[in-house]
Amino acid sequence: MRKTLCLLAVLALVPMVHASSFSIDLSPTGSGTTGVSSSGITPQNVFGYNVGEWHGTWESSSLSGQVGFDEGVLKLQIGAVASNNSGGNFAGLKFDMPSGAASASLQFDIAKTSSWGGSLGNFECKYICNVYGFSDDGESTVIGTWTLENAKTNLTNTPSSFSISLDLSGTDEYASYGLIFNSMETSTLGAGAGMAADITNIRLLGEVVPEPATASLGLFGLGALLLRRRRN
């Protein structure tokens, strides 16, 4: 009878051993690295970064300063001198995922902070985020994507929250991870208009499932301890 009770107690603890949640803050912690790059930031660029270091680029010198990093804030602007439906401004980060992650999502808040220009009525842009898994040799796979069309219209000064569910079906194949935010003009007009947005609370949330061997050893050890205590 005692053995049966101990076994039931162990089985009751299985859900506790089965999964645990994690939360990782990916928001900038400093000024990051910025500069001009007409080709933006590629997944291969991100793979070469140090983990946890933000990098940003603007498409041309006339867009200088339109990507910036403050404590907890990614500042990502876009001006009308950017290429239409290509190019634009970029921010990239390389990060790690906990071993055994069974599910995860990238979450963040974004708010429009300003807009400008006499031709603003005809100006429009979009914001994009792609999340990548990298193999040991740097080959990238898109594991999550998000696009906000008509950002000038759809964003307000009140932060909007978004979540990107990540496909972790190939987790065993990934050695590291990365993300790229991109702001891009979608209207066709001359210079003189643009908008800025702050992206905050960038975080990775998910669940980790212990390896079967680890979970089994933990349960057997707990069961043995309970049986020993019963005998005593």
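Note that this is a predicted model, so its numbers are computed, not measured. For the single chain, residues carry numbers from 1 onward in sequence order.
For the residue pair Ser119/Asn122, the side-chain donor-acceptor check at 3.5 Å is not satisfied. Defined by atom type and a distance below 3.5 Å, a donor-acceptor pair is present between the side-chain atoms of Asn130 and Thr145. Under 3.5 Å, the side chains of Ser83 and Glu59 contain a donor-acceptor pair of N or O atoms. Donor-acceptor pairing under 3.5 Å is lacking for the side chains of Gln107 and Ser161.
Residues Ser169 and Asp167 come closest through the heavy atom pair OG-OD1, 2.8 Å. When all heavy atoms are compared, the tightest approach of Phe22 to Ala101 is CE2-CB, 4.1 Å. The heavy-atom pair separating Gly88 from Ala82 by the smallest distance is CA-CB, 4.3 Å. Contact between Ser160 and Leu155 at its shortest, heavy atoms only, is OG-CD2, 4.5 Å. A pairwise comparison of heavy atoms in Ala91 and Leu74 identifies CB-CD1, 3.6 Å as the closest pair. What you find for Ala196 and Trp116 is that their closest heavy atoms are N-CZ3, 3.7 Å.
The distance from the SG atom of Cys125 to the CE atom of Met184 is 10.5 Å, given to the nearest 0.5 Å. Summarising the geometry, atom OG belonging to Ser105 is positioned 10.5 Å from atom CD belonging to Glu207; distances are rounded to the nearest 0.5 Å. Interatomic distance, CG of Asp198 versus CG of Asp109, reported as 11.0 Å (0.5 Å rounding). With rounding to the nearest 0.5 angstrom, the CG atom of Leu106 is 10.0 Å from the OG atom of Ser165. Atoms NZ and CD, on Lys126 and Glu185 in that order, are 11.5 Å from each other to the nearest 0.5 Å. Atoms OG and OH, on Ser183 and Tyr127 in that order, are 5.0 Å from each other to the nearest 0.5 Å.
Between Phe95 and Trp54, the distance from one ring center to the other does not fall under 6.0 angstrom. Outside the 6.0 Å centre-distance limit, the rings of Phe47 and Tyr132 are not counted as a close aromatic pair.
Both Leu204 and Val208 are assigned to one and the same hydrophobic cluster, defined by single-linkage of ILVMFWY side chains at heavy-atom distances under 4.5 Å. In the hydrophobic clustering of this structure, Phe162 groups with Ile24; members are Ile, Leu, Val, Met, Phe, Trp, Tyr whose side-chain heavy atoms approach within less than 4.5 Å, directly or through other members. Transitive grouping of hydrophobic side chains (ILVMFWY, heavy atoms separated by less than 4.5 Å) brings Ile164 and Tyr174 into a common cluster. Connection of Val131 to Leu205 is not established within any shared hydrophobic cluster, with ILVMFWY side chains joined at heavy-atom distances below 4.5 Å, either directly or through further cluster members. Hydrophobic clustering (side-chain heavy atoms under 4.5 Å, transitive across Ile, Leu, Val, Met, Phe, Trp, Tyr) keeps Ile202 apart from Val73.
Not one N or O on the side chain of Thr33 forms a donor-acceptor pair closer than 3.5 Å with the backbone of His55. The backbone N or O of Met195 lies less than 3.5 Å from no partner atom in the side chain of Ser115, so there is not a single donor-acceptor pair. With hydrogens and angles disregarded, a donor-acceptor distance shorter than 3.5 Å links the side chain of Lys112 to the backbone of Lys152. Remark: side-chain polar atoms of Asn154 are not paired, donor with acceptor, to backbone N or O of Leu148 under 3.5 angstrom.
Taking the six-membered ring for Trp and thresholds of 30 and 60 degrees, Phe108 and Phe181 have ring planes more than 60 degrees apart, a perpendicular arrangement.
Contact check for Pro28 versus Glu71: no side-chain heavy atoms found under the 4.5 Å cut-off. Contact of the Gln77 side chain with the Thr113 side chain is not registered, since no non-hydrogen atoms from C-beta on lie closer than 4.5 Å. The closest side-chain heavy-atom distance from Leu26 to Leu93 is below 4.5 Å. Contact of the Ile180 side chain with the Pro43 side chain is registered, since non-hydrogen atoms from C-beta on lie closer than 4.5 Å. In this structure, the side chains of Leu166 and Tyr177 stay at 4.5 Å or more apart for every pair of heavy atoms. A 4.5 Å side-chain heavy-atom check between Leu63 and Asn89 finds at least one atom pair inside the cut-off.
Not counting sequence neighbours, the partners of Asp96 by the side chain to side chain contact (heavy atoms under 4.5 Å, CB included) test are Val51, Ser176. For Ser64, the side chain to side chain contact (heavy atoms under 4.5 Å, CB included) partners are Trp58, not counting sequence neighbours.
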query: Given the rule in the side-chain contact (heavy atoms from CB on, under 4.5 Å) test, do Thr153 and Glu124 qualify, once you have shown the distances and angles that lead to the verdict?
result: CA-CA 8 Å; Thr153 304; Glu124 198 48 90; 2.9 Å; yes
*asked:* Working note: Leu76 + Gln66, criterion side-chain contact (heavy atoms from CB on, under 4.5 Å); need CA distance, chi angles, decisive distance, verdict.
replied: CA-CA 6 Å; Leu76 190 56; Gln66 291 200 349; over 6 Å; no
Apply side-chain contact (heavy atoms from CB on, under 4.5 Å) to the pair Thr186 and Asn84, showing each step before the final yes or no.
CA-CA 5 Å; Thr186 56; Asn84 302 132; over 6 Å; no
Checking Ile41 against Val46 for the side-chain contact (heavy atoms from CB on, under 4.5 Å) test, could you report, in this order, the C-alpha distance in whole Å, the side-chain angles of both residues, the deciding distance, and whether it holds? CA-CA 7 Å; Ile41 292 177; Val46 175; 3.7 Å; yes
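Note that Lys75 lies outside the cation-pi zone of Phe69, set by a 6.0 Å cut-off to the ring centre and a 45° limit from the axis.
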